[in-house]
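Reading through the structure tokens given below for one structure.
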Number of protein chains: 2
Amino acid sequence: MFNKLEEEMDKSIPDIVVGRLPMYLRSLQRMQQEGRLITSSQELGERLGISAAQIRKDLSLFGEFGKQGTGYNINYLIEQLAKILNIDREWPVVVVGAGDIGSAVARYRGFTNRGFRVVMLFDSNPSKINTQVGPFIVQDSTRMEGVIRQSDIKVAMIAVPAENAQEVANLLVQAGIKAILNYAPININVPPEIYVQDIDPSLHLQRMTYYLD
Amino acid sequence: MFNKLEEEMDKSIPDIVVGRLPMYLRSLQRMQQEGRLITSSQELGERLGISAAQIRKDLSLFGEFGKQGTGYNINYLIEQLAKILNIDREWPVVVVGAGDIGSAVARYRGFTNRGFRVVMLFDSNPSKINTQVGPFIVQDSTRMEGVIRQSDIKVAMIAVPAENAQEVANLLVQAGIKAILNYAPININVPPEIYVQDIDPSLHLQRMTYYLD
């Protein structure tokens, strides 16, 4: 592992492992809040319902973070995971759609210390434009492209109705957005270099009812 | 595939395949809304950014849904996927937490035709109990366990602060809940027979920033 080039390592990380890192980080931050200093793959595994071996294997893909028998230094591992996930900074985020979900997300305080800060909220509805939602004045989405490009924002959340989501996604991509969290219950098509994650509660619920009688 | 017992088939389905079925269903329902009757694994794949071969392979685990060259009958495939996902019925759902997110989810109209209907909204805050949120009167969460058990509800959403999420989860499990959609930004521990899916926008965002410069 020691002489492996960073670029080479990066290429070898399966996306499913990348998806687990934020869960590890969230659990470690929770331990930190509890005043804890050291943890183990066993304890982390028990909290997350993942095997200790899996956690050790995942982390070993990125380097050496703990020593056999002494466990992980929580603060250090948090710092390293934050670097790996590129959240050793704060990403400004735009929210498009000032309905129930968009407004709730714009006001959400859970992004603090997790790498993100909502900085703008847009809507196309004249009755919403220029109204106050939490700390934001809702901006006219027809001006979105220029404003986002000027501010060099890379991360956006789409919280508009399904019918409008693709059009909004196209505008965001043109404005230079690279990562989209999509709350609209529809698949959006974007160029391959743009990342999309879907939050559709029905999808998550259906994934569970499959297993229910 | 023909002589395989249903039970045997069920056991052999990887969870990652199960996770893709709701996406297939959502895309097919969209096509249905567009008035379409027939589709192909190619078209579905293009809409979803998944290979046609993957879709054919996934669906073949559950049976024969289309013929080589003639494609899939959209209505029939929707019906079959709904059966497989156990949403050929409507699951009543409770929401716990009447804050921004909980209220938005309780009012969300996107569950219609997707197998779910929010029927109750609970909160522990005296200033929220008995207030109106959309079509709901917020109920006192101290009475939750009895009410849920009596109504034989199996699906719940947790939208309370991280500090309260585990306690709420414990109560829900005691009340007979089998599937939990967790909006609280914390891992909740439940018995192995209970299903949990997390919706934490920070987790989803971090999964994307990993790939950004």
Side-chain angles (χ1 to χ4, degrees), chain A residues 13 15-16 18-19 21-23 25-27 30 46-49 84-87 91 93 99-105 107-108 110-111 114-116 134 154-155 157 162 178-181 183 185-187 189 192 195-213, chain B residues 13 15-16 18-19 21-23 25-27 30 46-49 84-87 91 93 99-105 107-108 110-111 114-116 134 154-155 157 162 178-181 183 185-187 189 192 195-213:
Chain A
I13 311 292
D15 185 61
I16 193 152
V18 174
L21 299 182
M23 289 177 55
L25 178 59
R26 189 176 69 171
S27 226
R30 191 79 201 158
E46 275 163 30
R47 289 209 180 197
L48 293 170
I84 290 166
L85 293 167
N86 291 319
I87 52 156
W91 296 83
V93 178
D100 275 347
I101 299 282
S103 298
V105 167
R107 280 192 296 248
Y108 182 57
F111 296 122
R114 299 189 67 192
F116 306 94
K154 299 299 176 202
V155 180
M157 304 193 204
K178 300 292 179 205
I180 296 173
L181 189 61
Y183 282 85
I186 189 170
N187 193 73
N189 288 109
Y195 297 92
V196 177
Q197 289 270 307
D198 283 290
I199 290 192
D200 177 347
S202 301
L203 287 189
H204 286 86
L205 289 168
Q206 290 172 358
R207 189 172 184 160
M208 295 190 283
T209 51
Y210 170 82
Y211 296 102
L212 300 185
D213 304 321
Chain B
I13 311 292
D15 185 60
I16 193 151
V18 173
L21 298 183
M23 290 176 53
L25 178 58
R26 188 176 71 171
S27 225
R30 192 79 202 159
E46 274 162 31
R47 288 209 180 197
L48 293 170
I84 291 165
L85 293 167
N86 291 318
I87 52 155
W91 296 83
V93 177
D100 275 348
I101 299 282
S103 298
V105 167
R107 279 193 297 248
Y108 182 57
F111 296 122
R114 299 190 67 192
F116 306 95
K154 300 298 177 201
V155 181
M157 305 193 205
K178 301 292 180 205
I180 296 173
L181 189 61
Y183 282 85
I186 190 171
N187 194 72
N189 288 110
Y195 297 92
V196 177
Q197 288 270 307
D198 283 290
I199 290 191
D200 176 347
S202 301
L203 288 188
H204 286 87
L205 289 168
Q206 290 172 357
R207 189 172 184 158
M208 295 190 283
T209 52
Y210 169 82
Y211 296 101
L212 301 185
D213 304 321

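The chains referred to below are lettered A, B, ... by the order of the sequence lines, with proteins before strands, and numbering in each begins at 1. As the structure is a prediction and not an experimental result, all values here were calculated from the model. The analysis underlying the following values was restricted to heavy atoms, covering all of them including side chains, and did not include hydrogens, waters or symmetry mates.
Ranking A/V105, A/V155, A/I101, A/L48 against chain B, the residue ahead of the rest is A/L48, based on heavy-atom pairs under 4.5 Å. By number of non-hydrogen pairs under 4.5 angstrom with chain B, the leading residue of A/V196, A/I84, A/V93 is A/I84. Chosen from A/A104, A/P192, A/S103, the residue pairing most often with chain B at heavy-atom distances under 4.5 Å is A/A104.
Scanning both residues, A/S202 and B/G110, for their nearest heavy atoms gives OG-O, 3.6 Å. Between A/R207 and B/P22, the closest heavy-atom pair is N-CG, 4.1 Å. Of all non-hydrogen atoms in B/M23 and A/L203, the two that sit nearest each other are N-CD2, 3.8 Å. Nearest heavy atom pair, residue B/L85 against residue A/T209, reads O-OG1, 2.8 Å.
Distance CD1/A/I180 to CE/B/M208: 8.0 Å, rounded to 0.5 Å. Taking NE2 from B/H204 and CG from A/L181, the interatomic distance works out to 7.0 Å, rounded to the nearest 0.5 Å.
With a threshold of 4.5 angstrom between heavy atoms, A/R114 approaches chain B through its backbone and through its side chain. Looking at A/I199, the atoms closer than 4.5 Å to chain B (heavy atoms on both sides) all sit in the side chain, from C-beta outward. Heavy atoms closer than 4.5 Å to chain B are found in the side chain of A/F116, but not in its backbone. At a 4.5 Å heavy-atom cutoff, the contact between A/M157 and chain B is made by side-chain atoms alone.
A donor-acceptor pair under 3.5 Å is absent between the side-chain atoms of A/Q206 and the main chain of B/I87, judged by distance alone.
Here A/N189 pairs with nothing under the side chain to side chain donor-acceptor pair (under 3.5 Å) rule; sequence neighbours left out.
Within the 4.5 Å cutoff, no side-chain heavy atoms of A/Q197 are placed close to those of B/L205.
Neither side chain, B/D15 nor A/Y210, offers a donor N or O lying under 3.5 Å from an acceptor on the other.
In this structure, B/Y211 and A/Y195 have parallel ring planes: the angle between them is below the 30° cut-off, well short of the 60° mark.
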